[in-house]
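All chains are named by letter (A, B, ...) in the order of the sequence lines, taking the proteins before the strands, and each is independently numbered beginning at 1.
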There are 2 protein chains.
Amino acid sequence: MTTKRVKGTIKKAYQDKEPVLLAVDCIIFGFDIEGLKLLIFKRHYQPLAGEWSLLGSFVERDENIKDTAHRVLKEVTGFNKIFVEQLHTFGSVARDSGDRVVSIAYWSLIKLNEQNTHLNVEGYEAKWVDFKKVPKLVLDHNEMVNVALSRLRERARIRPIGFELLPDKFTLPQLFNLYQAIYQTTLDDRNFRRKILRSGLLLELGEKDKSTSKRGAQLYKFDYDRYEQLTKEGYLFEI
Amino acid sequence: MTTKRVKGTIKKAYQDKEPVLLAVDCIIFGFDIEGLKLLIFKRHYQPLAGEWSLLGSFVERDENIKDTAHRVLKEVTGFNKIFVEQLHTFGSVARDSGDRVVSIAYWSLIKLNEQNTHLNVEGYEAKWVDFKKVPKLVLDHNEMVNVALSRLRERARIRPIGFELLPDKFTLPQLFNLYQAIYQTTLDDRNFRRKILRSGLLLELGEKDKSTSKRGAQLYKFDYDRYEQLTKEGYLFEI
DNA sequence: CCAAAAGTGTTTTAATTACACCCATGA
DNA sequence: TCATGGGTGTAATTAAAACACTTTTGG
């Protein structure tokens, strides 16, 4: 016990042992007309090759952990302007079958209907799956997904994060469907509209999206600047 | 880039390099008559010996990271029945001056007025400091404290964790003062009482605490069972 | 008897809920 | 012209906010 107590005194001994390995795994959500989805990958290396998995990588010695996540995400999504947030670090001794690997999970939201739908999945076998029907994944990856889903729900309630899953220009029916999908519930559309518009965070664009109806639905974009401003003033978004 | 892509292909190379070290640091909050406080420690090992710091330890190879946190906390607090939650993992390359150390921060709430006020601080030089006047700590520990404080505020709003900072038996004025301290604001005591009592989560004990007034204040305890029950039914605590 | 802290009610205002029909348009 | 999805208003209920005095009791 006393040998463990203090960092300094045990470092040498610690380094001589087989080290704890450090990895990053990414939970990637997307949303389209069919609903909320998760991006999963077929592992093509041992152990557990051929099974479905989240995408991850080891953390390099000279790499910020945040950069590991961005590296992994950039490689598949091609881009950049996506929402990424650290989720939780998973570190049970038994979580990986072989080595001791501690994994820092990051969750990410990508705008599926954007041009970046063209995922750079060469070299990977990847697929989007309905978030309600995620297959068995390797190790504790299903648990990671569950934690990410809770976090998404928690965050979406108090932060305007839904917009990260929609194209830059979106319609109220899209946003409405997104919230219904996230919370797996039905909402009253009149009340939803009133509440979201009251926040003053949507800019009406004066354009219409006619892809889903003859009449067309008003397009909006999220006013990030105003949100920044309001947040500074102590405003709390809540839906 | 391609060499980094897949865990399997790089593992051997990865292990030959100097490893990334993994540590746990704990942010410990307490609350007493004087207000909300943070427990800090004087480092008695190099580097940075003599400076104020959070308490931490390296993660042992055969130890769950959660257990590392509990080990650290148990050693100082003597006990057990304390609130501990993972906060965030800090992993900038430059965060530690010497080795590459990634640190998983845990935050904790302890019931100061309990008998466990008798912290087992032999061997440590420790002190409670006002959370508004935290001195310069080593490395990125001040940032950790700030993140923990945000988390405390976020959590206290939507989960009944205030109780984790109070003795098992507490009075409404105590709880009221705690919330005022956490949010650094003044609240209306009538509205606060009504709201907290309406939740039905406080059990009136029929005893009075006369330590702060002649009249004495009604003692309550938090009804954990009822909270469990309500939570299952979809109840959301909010203060 | 009085200082000091504990405790209590009401009114006003704002938000939430529940609910059903008209609008615009392309095929 | 009609089927389809987009859009709108109001009343009832409930929660939030604002506000000041009375109670208890040990010293």
*Let me know the distance between CZ of B:Arg190 and P of D:dA17, rounded to the nearest Å.*
14 Å

*asked:* So A:Arg198, base contact, sugar-phosphate only, or nothing? Heavy-atom distance under 4.0 Å.
replied: sugar-phosphate

*Would you mind reading off the distance between A:Asp189 atom CG and C:dA20 atom P, rounded to a whole angstrom?*
13 Å

*asked:* Base of D:dA18, side chain of B:Asn191 - is there a donor-acceptor contact under 3.5 Å?
replied: yes

*Is any side-chain nitrogen or oxygen of A:Lys195 closer than 4.0 Å to OP1 or OP2 of C:dT16?*
yes

*In terms of side-chain geometry, is the basic nitrogen of B:Lys42 or B:Glu51 positioned less than 4.0 Å from the acidic oxygen of its partner?*
no

*Salt bridge check: are A:Arg159 and A:Glu238 linked by an N-O gap of less than 4.0 Å?*
no

*asked:* If you compare every side-chain N and O of A:Arg193 against the phosphate oxygens of D:dG7 (OP1, OP2), does one of them come in below 4.0 Å?
replied: yes

*Per-nucleotide protein contact string for nucleotides 21-27 of chain D, where B marks a base within reach and S marks sugar-phosphate only (heavy atoms under 4.0 Å, - for neither)*: --BBBB-

_Donor + acceptor pair across side chains of A:Ser57, A:Thr68 (<3.5 Å)_ = no

_Using a distance-only criterion (donor-acceptor N/O pair, under 3.5 Å, no hydrogens), is the base of D:dG9 paired with the side chain of A:Arg194?_
yes

*How close or far is atom P of D:dG5 from atom CD of A:Gln218, stated in whole angstroms?*
19 Å

*Take the protein atom CZ of A:Phe176 and the nucleotide atom P of D:dG7, then report the distance between them rounded to whole Å.*
12 Å

*Can you tell me the distance, in whole Å, between the CG atom of A:Leu187 and the C1' atom of C:dA18?*
14 Å

*Protein-nucleotide distance (B:Asn177, atom CG; C:dA5, atom P), rounded to Å*: 11 Å

*Could you check how far CD of B:Glu204 sits from C1' of C:dG7, rounded to whole Å?*
12 Å

*State yes or no: are the ring centers of B:Phe170 and B:Phe163 separated by less than 6.0 Å?*
yes

*Ring centres of B:Tyr224 and B:Phe222 under 6.0 Å apart?*
yes

*Quickly work out the A:Gln174 CD to D:dG6 C1' distance and round it to whole Å.*
13 Å

_Between A:Asp168 and A:Lys221, does any side-chain N to carboxylate O distance fall below 4.0 Å?_
no

_Under 3.5 Å, is there a donor on one side chain and an acceptor on the other for A:Ser103 and A:Asp25?_
yes

